[in-house]
Every structure is written in structure tokens, then in C-alpha cells.
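Step one of this worksheet: look at the structure below.
In what follows, every chain begins at residue 1, and chains take the letters A, B, ... in the order their sequences are listed.
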Amino acid sequence: MSKPLTISATVMLQLHVIREQRERVLQGLKIRNAKEEDLLRVDQVIALDDQRKEIQTFLDESKAQRNRLSAEIGGLFKQGKREEAETIRTQVTGLKEEIATKEDELKAIQQKLSEGLLQLPNIPHDSVPAGSTDDDNEIHQNWEEPLPTLSEEALPHWELAKKYNVFDLELGTKIAGSGFPVFRGKGARLQRALISFFLDEAAKAGFEEIVPPLLVNEDTARATGQLPDKEGQMYYVERDNLYLIPTAEVPITNIFRDTIVAKKDLPIKLTGYTPCFRREAGSYGAHVRGLNRVHQFDKIEIVQIAHPKESYAVLNHMLDHISSLLNKLELPFRILRLCGGDLGFTSALTFDFEVYSAAQKRWLEVSSASNFETFQSNRLKLRFREEEGAKPQLAHTLNASALALARIIAALLENNQTPEGIVIPKVLRTYTGFDIID
RNA sequence: GGAGGAGUGGCAGAGCGGUUGAAUGCACCGGUCUUGAAAACCGGCAUGGGUGAUGAGCCCAUCGGGGGUUCGAAUCCCUCCUCCUCCGCCA
């Protein structure tokens with residue numbers, strides 16, 4: 001087992017920000033539409049930290065005293081001064097008890113402190129609009145051209161899937177349960193083509209490809225913020241105490257847990273294709289039909305570790321990369337800037353990409369690009385040095401889907417349907433080996 | 001899954017109850033020397049926390065994780081994890 005995230009390390013780094021920028025933290029919580037109790041938690045945490053420091057100081061002094069006396073005993077024994085040694089020994093015994101009591105106190109406080117801290121979300125970026133639901137998200141970049149219109153007979157993708165044998169949800173239900181599509185034939189091939197296309201594009205953009213574990217341990221899930229916030233969202237293998245990944249972000253970002261990277265290596269760019277598993281408990285109904293929301297889907301994730309001064313430029317590059325993918329696939333899309341209420345727990349700024357699915361006449365989220373600033377790296381203990389010999393400081397982490405497959409396929413099927421069949425976008429044809437699904 | 005062995009600083013590798021945060025070597029950084037480089041020599045080289053001014057200094061903690069014995073633990077005990085060797089099983 002690697003070193004677990006020690007409470008103190010996690011606590012300290014984040015805490016100094018809370019202390020020094022208390023107003024900003026509170027302001028951020030308001031933008032996130034946080035509850036009153038969350039606002040109160042800020043001061044609770046600071047108060048707990050005050051207590052922690054007080055006990056820490058006392059404990060350090062007691063221990064210093066103990067260490068001094070113990071060394072003395074050692075010296076006296078060497079000189080053969082038995083009796084003097086014995087006197088001091090009884091003295092230390094009293095100290096010991098005191099230390100033990102204080103240590104229990106300290107542990108209890110640290111426990112509370114870390115629980116409190118784990119419940120505080122990231123501070124939103126200044127540009128994040130206030131708001132409570134996805135209705136309050138801001139359109140960052142709209143689709144300027146006319147949206148595709150289909151004929152009266154146009155079918156939603158789940159009907160098309162049946163017609164052309166692209167995927168089979170009933171079959172997935174038989175084998176696993178609802179929300180586990182079985183792709184087959186040209187559908188399976190299309191899936192593989194998209195994966196290859198996205199990975200190749202990422203490679204061209206300078207991302208190193210990773211094939212990570214699909215199951216992760218508790219430390220890993222905690223470090224990227226899935227625990228405790230999204231525990232219910234993940235499949236959990238109790239017997240082995242492992243979680244199925246909800247996104248490749250989790251194992252890939254954790255590559256850097258507990259590391260100090262070289263500044264010259266920044267930004268570090270990684271990509272990986274993985275299936276993603278999400279319980280999506282409680283979401284049923286018409287809006288989640290077909291591939292709109294499933295328990296298992298394929299996704300290519302891009303992850304970057306960036307210098308704090310460059311992380312927002314890096315985020316822009318990510319937006320450009322994703323835009324270019326969607327343009328090449330000839331899919332209409334728009335970019336949203338998430339409002340405080342819709343912003344993920346760990347994120348400072350998130351842009352969502354939505355493609356237009358013409359038969360459903362709906363926008364479907366296919367990517368989410370976020371800058372976590374130091375929120376994840378604090379938990380990860382991912383640092384770099386500004387210069388040789390300088391104190392390590394937290395790096396910024398970012399990630400984005402580039403892209404999530406299931407909904408891309410939904411949109412491709414719907415938008416590209418013709419009386420002859422589903423037309424494959426040009427860029428994919430060398431990957432699929434066919435031009436049309438008929 | 002069974003039996004045995006091992007986990008020490010960036011790496012290699014000492015230490016196996018008393019100034020050991022930890023010898024030594026390599027790597028790395030700074031310097032002397034050199035026309036330059038190499039070699040040689042000198043010096044530096046962990047992380048987190050407390051105190052303090054986000055300085056110096058002092059102090060605490062950390063030798064796979066957790067717990068215990070002891071005045072005192074890298075060193076002894078328990079437990080978990082990981083790795084190696086052998087056997088078994090296997091895509």
C-alpha cells in the first residue's frame with residue numbers, strides 16, 4: 001500500500017487558502033448556491049484548525065521534553081549512574097500519559113477537520129455565473145449556422161439502432177441490466193473507429209496515451225474527489241474494496257499522486273480510452289432513452305498537469321481540441337459555461353460541449369472540460385518547483401472528454417440518416433472501412 | 001491459492017534498542033582548479049507540521065501502512081499491504 005493521504009498534509013495546504021481568502025471562499029460558496037450550513041462550515045474548519053495548532057504546539061513541546069530526558073537516561077546508563085536514571089525515568093512516565101491523552105485529542109480534531117474540509121467544494125473561477133440549475137448555464141459559444149432539419153419520417157437513434165442493427169439495449173438488459181448497450185456489426189465497428197480516431201487526434205495534439213486500470217482503490221477515488229462526494233455514482237466491488245472508474249480521469253490523474261514533477265515537463269499531457277461505469281441511480285424516463293444515459297459507455301479522456309500561470313490557457317487549448325474533433329465529425333455543437341450550481345464539486349471552471357441530436361431535437365452533453373486548479377492536486381499531493389531548491393507548490397490539473405462516445409453515436413445516427421442509410425463522416429471512413437450503415 | 005524471503009532518502013546500499021533524518025557510493029546543484037571539458041578536491045542536496053514575519057533559528061513527525069512493547073524503536077512484537085523466489089492454477 002502506498003502512503004495514504006495523511007490528514008495533516010491534506011488539511012494544511014487547503015487550510016491556508018481558507019484562512020487567507022476566507023471571504024473569497026464564502027463568496028464562492030454563494031455562487032455555488034450552497035446551503036447555509038456549508039457557509040458555516042468555513043468558520044468551523046478554521047476554528048478546528050486553531051484548536052489543532054494549539055494542541056500541536058503543546059504536544060511538540062511535551063515530546064521535545066520527553067526526547068531530552070530520554071537522551072539523558074541513555075547517557076546516565078552509559079556512565080553507570082543507575083539511580084539517577086531511574087529518577088528521571090519515573091518523571092518521563094508521567095509525561096508519557098499526558099502525551100497520550102493529547103494525542104487522542106489531536107486525532108479526534110483532525111478527524112473532524114478533515115471531514116469538514118472534504119465537504120468544502122472548490123472555489124469557482126471569477127467568470128463562473130451564479131445560478132442553481134443547468135438553466136442558468138451561460139452559452140459561451142453558440143452554433144451559428146442553421147441546425148440540421150430532418151424529414152417527417154426521421155427516427156430517433158434508438159429506432160435507427162434497431163433498423164440497422166447498430167446496438168441492442170434489450171440484449172444488454174438480458175446480459176447485464178438496463179443501460180448496458182450491446183453494440184454489434186457496423187455499430188461495433190463505428191464504436192472502435194471513433195475510439196481510434198479520438199486517440200489518434202489526441203496523439204497528434206501531443207498527448208501520451210495511457211491504458212489505465214478500470215478499477216481503483218479508495219485512496220485513488222478520494223484523491224480526484226469522487227469520494228466522498230460521488231460515492232453513490234460509482235459501482236463498488238465490496239469484496240476487494242475497489243471502485244469501477246466513472247471516468248479515465250480518476251486513474252490517469254492519480255498517476256501523479258504523491259509526486260513532485262519537474263517544471264520543465266509542464267504541461268504534462270495524457271490521454272486514455274476507457275469504458276466508464278456510472279450507476280446513474282434514479283434516472284429513468286424518456287429523456288434517458290437509448291444512448292442518452294447509460295451505465296457503461298466509452299470515453300477518451302484528456303488530462304493535463306499545468307503550471308498555475310498557464311492553466312487557463314491550457315483549458316482554452318482543450319476547448320480548441322474538442323471543437324476541432326466535433327468539426328471534423330461535422331456535428332453541430334455549442335459550448336456552455338457552467339453556472340455555480342451546476343459546477344462539479346472539484347472544479348473551478350467547467351465548459352460543457354453539447355452536440356445537437358436532430359431527431360430528438362435536443363442538445364446532448366458530449367464533453368466537459370474543467371480546470372480544477374489546485375483542488376485535486378492538494379488531495380493528490382501533486383507538486384512542482386518553481387526553481388531549483390524552491391519549496392514545492394501545487395500544480396494545476398485539468399481534464400476533458402475528447403470525447404464521450406455513446407452520445408456522439410446517437411447524434412451521428414440521427415443527423416446523418418438518409419433514405420439510403422446512415423452516412424459515415426469522411427474522417428471516420430478510413431477507420432470504419434465503410435461509408436454507410438445500411 | 002500454498003511455502004519461504006524482503007520492504008531504509010532520486011537510485012544503490014549500511015545500520016538491527018540510546019544525539020541515526022539516518023553511514024557510504026552514485027546521481028544532482030554550487031564552488032576551486034582548467035583555455036574549455038573531464039578528473040580531483042571543497043560545499044550543498046527529503047517532505048510535512050508547530051513557533052516565528054510566508055526570514056533565520058529552534059522544535060515535532062516521517063526508515064511500506066496501522067497498532068503495540070520501552071524512559072527511548074529504522075532496530076523488538078502484532079497486523080495489513082506490496083514486491084521477489086519456488087509450487088499450484090490460468091487468459
Side-chain angles (χ1 to χ4, degrees), chain A residues 1-22 45-46 48-111 113-114 117 211 213-223 237 239-242 254 256-265 308 374 377-395:
Chain A
M1 199 87 188
S2 66
K3 259 192 179 169
L5 298 161
T6 61
I7 292 169
S8 60
T10 309
V11 163
M12 296 313 148
L13 296 165
Q14 175 95 332
L15 264 170
H16 86 92
V17 174
I18 296 173
R19 282 178 172 281
E20 286 160 22
Q21 305 182 41
R22 179 176 167 277
V45 158
I46 293 174
L48 280 168
D49 189 44
D50 288 338
Q51 287 180 54
R52 193 204 104 250
K53 283 188 183 186
E54 195 182 313
I55 296 173
Q56 187 69 258
T57 305
F58 179 87
L59 210 47
D60 282 356
E61 280 165 10
S62 304
K63 284 184 177 176
Q65 174 75 359
R66 181 199 60 192
N67 291 346
R68 266 196 302 276
L69 292 175
S70 289
E72 243 179 86
I73 293 173
L76 290 170
F77 264 117
K78 269 189 184 162
Q79 295 167 42
K81 295 179 180 169
R82 274 262 146 87
E83 281 177 27
E84 281 178 55
E86 284 302 329
T87 317
I88 298 174
R89 186 190 281 184
T90 44
Q91 223 179 334
V92 180
T93 312
L95 245 184
K96 247 180 94 178
E97 282 165 26
E98 207 171 356
I99 289 172
T101 317
K102 283 286 176 188
E103 260 175 352
D104 289 345
E105 264 180 63
L106 185 65
K107 251 186 211 170
I109 294 224
Q110 284 188 325
Q111 180 63 31
L113 188 52
S114 116
L117 280 172
V211 180
L214 305 182
L215 280 77
V216 296
N217 62 32
E218 217 179 307
D219 282 347
T220 296
R222 191 176 309 280
V237 183
R239 182 168 175 163
D240 297 290
N241 197 7
L242 294 169
N254 267 277
F256 299 98
R257 174 149 49 96
D258 222 355
T259 58
I260 299 175
V261 300
K263 187 189 175 189
K264 65 174 170 57
D265 293 336
T374 59
S377 53
N378 181 40
R379 294 193 183 185
L380 286 162
K381 291 202 276 174
L382 162 54
R383 294 161 296 170
F384 75 98
R385 287 179 217 275
E386 191 60 66
E387 52 197 79
E388 188 79 35
K391 245 190 109 157
Q393 57 174 305
L394 296 173

Exercise for the section: Applying side-chain contact (heavy atoms from CB on, under 4.5 Å), run through A/Asp49 and A/Ile18 and close with a yes or a no. Expected result: CA-CA 11 Å; A/Asp49 189 44; A/Ile18 296 173; over 6 Å; no
Give one of base, sugar-phosphate or nothing for [X], where a contact means two heavy atoms less than 4.0 Å apart.
| X | answer |
| --- | --- |
| A/Leu69 | nothing |
| A/Arg385 | sugar-phosphate |
| A/Ala71 | nothing |

Practice task
Nearest-nucleotide wise, let me know which of A/Phe77 and A/Glu20 is further upstream toward the 5' end of RNA chain B.
Solution key: A/Phe77
Problem - RNA chain B: 5'-proximal contact among A/Ile260 and A/Lys53 (nearest heavy atom) - result: A/Ile260
Exercise for the section: Measure from the side-chain heavy atoms of A/Ala64 and tell me the nearest of B/G18, B/C59, B/G67. Expected result: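 Of the options given, the side chain of A/Ala64 lies nearest B/C59.
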Problem - Residue pair A/Arg385 / A/Lys263, side-chain heavy-atom distance below 4.5 Å - result: no
Problem - 5'-to-3' dot-bracket of RNA chain B (Watson-Crick, G-U; under 3.5 angstrom; crossing pairs as [ ]; | other strand) - result: ((((((((.[[[..)..(.....]]].(((((.......))))).((((((.....)))))).[[[[[..)....]]]]])))))))....
Exercise for the section: Identify, residue by residue, the members of residues 91-102 of chain A with a heavy atom below 4.0 Å from RNA chain B, and return them in order of residue number, or none. Expected result: A/Val92, A/Lys96
Problem - Pair A/Asp60 + A/Lys102: basic N to acidic O under 4.0 Å - result: no
Using atom [atom1] of each nucleotide, how far apart are [N] and [M] to the nearest Å?
| N | M | atom1 | value |
| --- | --- | --- | --- |
| B/G64 | B/C83 | C1' | 10 Å |
| B/A27 | B/A40 | P | 9 Å |
| B/G10 | B/G1 | C1' | 37 Å |
| B/G25 | B/U79 | P | 39 Å |
| B/U8 | B/A23 | C1' | 12 Å |

Handout entry: Pairing residues for A/Thr374 by the side-chain hydrogen bond (donor to acceptor under 3.5 Å, both in side chains) criterion, not counting sequence neighbours
Key =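 side-chain hydrogen bond (donor to acceptor under 3.5 Å, both in side chains) list for A/Thr374, sorted by chain: empty.
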Can you see if the side chain of [X] gets near the phosphate of [N] - specifically, an N or O under 4.0 Å from OP1 or OP2?
| X | N | result |
| --- | --- | --- |
| A/Arg383 | B/G48 | yes |
| A/Lys63 | B/C58 | no |
| A/Arg66 | B/G18 | no |

Problem - Any donor-acceptor N/O pair under 3.5 Å between B/G72 base and A/Asn67 side chain - result: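 Looking at the base of B/G72, it does not pair with any donor or acceptor on the side chain of A/Asn67 (distance under 3.5 Å).
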Practice task
State, to 0.1 Å, how close A/Ala395 and A/Ser377 come at their nearest heavy-atom pair, and which atoms those are.
Solution key: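 Looking at all heavy atoms of both residues, the shortest contact is O-OG, 2.5 Å.
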Handout entry: Nearest heavy atoms of A/Pro308 and A/Gln393, plus distance in Å
Key =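 That closest heavy-atom pairing would be CG-OE1, 4.4 Å.
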Exercise for the section: Using the side-chain contact (heavy atoms from CB on, under 4.5 Å) rule, take A/Asn241 and A/Asn217 through it: C-alpha gap first, then chi angles, then the decisive distance, then the call. Expected result: CA-CA 7 Å; A/Asn241 197 7; A/Asn217 62 32; over 6 Å; no
Exercise for the section: Indicate yes or no for a side-chain donor-acceptor contact from A/Ser62 to the backbone of A/Ile99 under 3.5 Å, with no hydrogens or angles considered. Expected result: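 Pair absent, no side-chain N/O of A/Ser62 close to backbone of A/Ile99.
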Handout entry: Rounded distance (Å) that lies between atom P of B/G49 and atom CG of A/Asp49
Key =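 From A/Asp49 CG to B/G49 P: 11 Å.
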Exercise for the section: Nearest whole angstrom, please: distance from the P of B/G49 to the CD of A/Gln56. Expected result: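 These atoms are roughly 11 Å apart.
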Practice task
Test A/Leu95 against A/Gln91 for side-chain contact (heavy atoms from CB on, under 4.5 Å), laying out the working first.
Solution key: CA-CA 7 Å; A/Leu95 245 184; A/Gln91 223 179 334; over 6 Å; no
